[in-house]
Every structure is written in structure tokens, then in C-alpha cells.
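One structure is given here, and the rest of the page talks about it.
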Amino acid sequence: MKEFTIEKNDAGQRLDRFVGKAVPLLPESLLQKYIRLKRIKVNGKGAKRDYRLALGDTLQLYINDEFFERPREENSYLKVSTPKLHIIYEDDNILLVDKKPGVLCHSAGQWDYNTLIANIQAYAYQKGEWRPKEEHSFAPALCNRIDRNTGGIVIAAKNAEALRIMNEKIKEREIEKYYLCIVHGKPVPTEGTLVGYIFKDAKKNQVYVKHQPEPGAKLSQTKYRVLQSKNGLSLVECELLTGRTHQIRAQMADAGWPLLGDGKYGSERKNKQFGETGGQALYSYRLVFRFTSDAGVLSYLDGKAFSVDEIDFVEKYFH
């Protein structure tokens, strides 16, 4: 139990709004429930959520201690009352989630509980599969990340062994990653491999494609195949042979086929002709596990493929 005494600057606030500020990790739904159950009391008695606090009032909060921690990424899952996840596949070791465009994988410099990792950890916590108080260091973690405005399949590990193995398989390129994108124009030839050297400018969060090896530039290879073309646009499947920052966006633009909706590497003038896209038309839509070495507890995944069934920009421009 925690107790607060209302001072001058807090007087006049509604009970629920004050508690929401004083205990930021407490989900709104749980806050309202605790007020109804009288686990939040004013001067020793239950009170309605719209009660206006008076100078000198004493609040008693019968709430679990973890909700009073300082908010940070590691405990953001506590704030998530109903996890929002589009689950493609789940077993005892991993979770494959379809991350929607606009969702951050991790918080970006400031506390945020609307991230993918917070929702995944909340999901595991609420199912009882992850018990933070019993763990010394492990928490469910993402094995790969996708840019905020790109959607697609993200792999999450539910235990330390799965995390170690999956990270190793990604590092050794034993997981095939396929993307769908829409580009301006029609790539010629209709299939091939783009090869370049990507140099990253960290300050601008932008990359540049070089055509000869240079200090600081890393080899980048993208295999592509045109699936459909119409109305000045092409639907293209890309396979990442390397994993560089903004690889597909930068290499396709460098080849003369910028992604629809891409304001950083593409053309705003061309994008405006096709209406609002909500960001670049790029989606990590398919994963195939191709293990060439021992995968331990994850060996059953070898040869399995997982994909996203519906992608908004594909439905909009090619159906």
C-alpha cells in the first residue's frame, strides 16, 4: 500500500486523473477497476472516479509495488492492459508477429508503451508464460527489427535458448527474408540481383549506394522479381541476400525504381500522383527457415515457411 497526501498544486484534480499521473505504469482499465473495487481510497473510504481532490486529502492505493516503479522500456509491458498483436505463429519457443506500419519495435529515445516489444512482453506476462520476478535477466526479446513505417514479420524469442539460436541463425543467413514492395516504373530486366556498397550516414539516418568498394561502405545484395505491372507501378518481390539499413529502398531508388510513398529515397512529385500511401510501400511478408547447421531446440522449424496473407498497399493498387 502506498499513501499520498494532496498538496496545493494537486488540489482540484479528478481522482482518476491524479492517480493516472502519480502511477503512470498503471493501465487505464486497471485504474478504473481499482477505483470501483475500492482498492483506491480517499481518507480511508471509497470514492468515485470524478471526485475532486481537496487540499489535505489522503489517498491509500492498494496496488502492486511494480506499478510504482519509474517508467522505462523494461517495464513498459505493465502499462499494456490489452496487448495488440497480429500473431502469425506461436509455439513454446518463438512468436511470429505481423508488425503493422507505424508501430515502433522499441521505444525511440523516450518512454513509450505502444511498442511491439511492450505488447509482446505484456502478452507473455498476462498468459503466465513469463514471470519477471522469477527471472534474473531474461525477458522476451525481438530477434529482428523492422523500420517504423515498414510492416512485416518480426520474430520474438520466448526463452533464452531460443533467442541465442535464432540470433545465430539470422547472423549466418539461415533465414530467408522476402519483401513485397511497389515501385515506380517497370524494372528491366524483370528479375535480377542489385549489387552495391551501402554507406550509412548515422546523423541523417540515411544511406547512400556506392558502385565501387569504399571505406565504411558495406556490400549490399538484393534479389528482385517483378510480379505485376500496371498504371506506371510494379509489384516486386525482393529477397535480402544481405541485411543493410534501408537496403531495398536505397538500392531500388538507385536503380531508377523508387518505392511508392518513399519520401526519403523516392520522389514526392511521383508519389502524389497515386494518393496517400501512409509511408513507403514495403512489407516483410515471408520468412523461410533454411537451417544448414544444428538448430537445437528450434530444429523443428527447418524448412517451414510463414507469410502475411493481406497487405493493404497490395490490395489497394493491384487488386
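The chain is numbered in sequence order, starting from 1.
For the pair Arg39 and Tyr34, the cation sits on the ring face: its NZ or CZ lies under 6.0 Å from the ring centre, inside 45° of the axis.
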What pairs of donor and acceptor atoms, side-chain ones from residues 246-265 against any protein atom, are under 3.5 angstrom apart with sequence neighbours left out?
| unit_1 | atom_1 | unit_2 | atom_2 | d |
| --- | --- | --- | --- | --- |
| His246 | ND1 | Tyr265 | OH | 2.7 |
| His246 | NE2 | Asp147 | OD2 | 3.4 |
| Gln247 | OE1 | Thr242 | OG1 | 3.0 |
| Gln247 | OE1 | Arg244 | N | 2.9 |
| Gln247 | NE2 | Gln221 | O | 2.8 |
| Gln247 | NE2 | Thr222 | OG1 | 2.8 |
| Gln247 | NE2 | Thr242 | O | 3.4 |
| Gln247 | NE2 | Thr242 | OG1 | 3.4 |
| Arg249 | NE | Asp262 | OD2 | 2.9 |
| Arg249 | NH2 | Asp262 | OD1 | 2.9 |
| Gln251 | OE1 | Ser220 | OG | 2.9 |
| Gln251 | OE1 | Thr222 | OG1 | 2.6 |
| Gln251 | NE2 | Leu194 | O | 3.4 |
| Gln251 | NE2 | Ser220 | O | 3.3 |
| Asp254 | OD1 | His211 | NE2 | 3.4 |
| Asp254 | OD2 | His211 | NE2 | 3.0 |
| Asp262 | OD1 | Lys264 | N | 3.0 |
| Asp262 | OD1 | Tyr265 | N | 3.2 |
| Lys264 | NZ | Asn205 | O | 2.7 |
| Tyr265 | OH | Val207 | N | 2.9 |

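Shown here are the side chain to side chain contact (heavy atoms under 4.5 Å, CB included) partners of Lys48, two or more places apart in sequence or in another chain: Asp50. Partners of Ala162 by side chain to side chain contact (heavy atoms under 4.5 Å, CB included), not counting sequence neighbours, listed by chain and number: Asn93, Ile94, Ala157, Asn159, Leu298.
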Ile146 vs Tyr283, side chain to side chain contact (heavy atoms under 4.5 Å, CB included): CA-CA, chis, key distance, verdict: CA-CA 9 Å; Ile146 295 177; Tyr283 220 95; over 6 Å; no
Evaluation steps, side chain to side chain contact (heavy atoms under 4.5 Å, CB included), between Phe68 and Leu61: CA-CA 10 Å; Phe68 292 99; Leu61 279 61; 4.1 Å; yes
Residue pair Leu301, Met166: steps toward the side chain to side chain contact (heavy atoms under 4.5 Å, CB included) verdict: CA-CA 11 Å; Leu301 291 172; Met166 195 60 71; 4.1 Å; yes
Side chain to side chain contact (heavy atoms under 4.5 Å, CB included) between Ile311 and Phe318, worked out: CA-CA 11 Å; Ile311 300 170; Phe318 283 91; over 6 Å; no
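Asp201 places no side-chain N or O within 3.5 Å of a backbone atom of Gln206 that could act as its donor or acceptor partner. A donor-acceptor pair is defined here as one N or O able to donate and one able to accept, closer than 3.5 Å; such a pair exists between the side chain of Asn75 and the backbone of Arg70. Here the side chain of Lys186 pairs no donor or acceptor atom with the backbone of Lys230 at under 3.5 angstrom. In this structure a side-chain-to-backbone donor-acceptor pair under 3.5 Å is present from Lys79 to Leu26. Without hydrogens or angle criteria, Ser234 side chain to Gly185 main chain gives a donor-acceptor distance under 3.5 Å. Trp130 places no side-chain N or O within donor-acceptor distance of the main-chain N or O of Tyr125, the cut-off being under 3.5 Å. Side-chain N or O atoms of Arg52 include one that pairs as donor or acceptor with a backbone N or O of Gly12 at under 3.5 Å.
Once rounded to the nearest 0.5 Å, the distance linking CD1 of Ile155 with CG of Asn167 reads 9.0 Å. Atom-to-atom distance recorded for Lys223:NZ and Tyr178:OH is 7.0 Å, nearest 0.5 angstrom. In this structure, CG on Leu241 lies 6.0 Å from OG1 on Thr193, to the nearest 0.5 angstrom. If you take OH on Tyr77 and CD on Glu66, they are separated by 6.5 Å, rounding to the nearest 0.5 Å. Atom CG of Leu96 and atom CG of Leu85 lie 12.0 Å apart (nearest 0.5 Å). The line from CD1 of Ile165 to CD1 of Ile170 is 12.0 Å long, rounded to the nearest 0.5 Å.
Summarising the geometry of Ile198 relative to Thr245, their closest heavy-atom pair is CD1-O, 4.2 Å, with the distance given to 0.1 Å. Nearest heavy atoms, Leu163 versus Cys143: CD1-SG, 3.9 Å. Taking all atoms of both residues into account, the shortest heavy-atom contact from Gly243 to Arg173 is N-NH2, 3.2 Å. The shortest heavy-atom contact between Thr5 and Gly56 is CG2-O, 4.2 Å. For the residue pair Asp91 and Tyr300, the shortest heavy atom distance occurs at OD2-OH, 2.6 Å. For Phe138 against Lys158, the heavy-atom pair with the smallest separation is CE2-O, 3.4 Å.
Side-chain contact between Ser76 and Ser107: absent, with no pair of heavy atoms (C-beta onward) separated by less than 4.5 Å. Leu104 is not listed as a side-chain neighbour of Ile117, based on a closest heavy-atom distance of 4.5 Å or more. Using a 4.5 Å heavy-atom cutoff, the side chains of Leu30 and Phe67 are in contact. A 4.5 Å side-chain heavy-atom check between Tyr89 and Ile87 finds every atom pair outside the cut-off. Side-chain contact between Lys316 and Asp312: absent, with no pair of heavy atoms (C-beta onward) separated by less than 4.5 Å. At a threshold of 4.5 Å between non-hydrogen side-chain atoms, the residues Leu235 and Val314 count as touching. Within the 4.5 Å cutoff, side-chain heavy atoms of Ile120 are placed close to those of Leu142. Leu59 places a side-chain heavy atom less than 4.5 Å from the side chain of Leu15.
Other residues, nucleotides and ligands place no more than 12 heavy atoms under 6.0 Å from the CZ atom of Arg269. The environment of Glu315 atom CD is dense: over 12 non-hydrogen atoms of other residues, nucleotides or ligands sit within 6.0 angstrom. Counted within 6.0 Å of CG on Asn9, heavy atoms from surrounding residues, nucleotides or ligands total 12 or fewer; the atom is thus considered open. Within a 6.0 Å sphere centred on CZ of Arg49, heavy atoms belonging to other residues, nucleotides or ligands number 12 at most. Environment of NZ in Lys100: crowded, with over 12 heavy atoms of neighbouring residues, nucleotides or ligands closer than 6.0 Å. More than 12 heavy-atom neighbours from other residues, nucleotides or ligands sit within 6.0 angstrom of NZ on Lys127.
Taking the six-membered ring where tryptophan is involved, the planes of His184 and Phe274 are tilted, since the angle between them lies from 30° to 60°. Ring pair Phe18/Phe4 is perpendicular by interplanar angle, where above 60° counts as perpendicular and below 30° as parallel.
Remark: of the listed residues Glu239, Glu237, Glu191, Glu237 is the sole one forming a salt bridge (Lys or Arg N to Asp or Glu O under 4.0 Å) with Arg225.
Thr58 and Glu3 are not linked by any side-chain donor-acceptor pair at a separation below 3.5 angstrom, with hydrogens and angles left out of the test. For the residue pair Glu214 / Tyr208, no side-chain donor-acceptor distance below 3.5 Å is found, with atom types taken as modelled. Defined by atom type and a distance below 3.5 Å, a donor-acceptor pair is present between the side-chain atoms of Lys169 and Ser293.
Under a hydrophobic-cluster definition in which Ile, Leu, Val, Met, Phe, Trp and Tyr are linked whenever side-chain heavy atoms come within less than 4.5 Å, directly or via other members, Ile35 and Tyr62 are assigned to different clusters.
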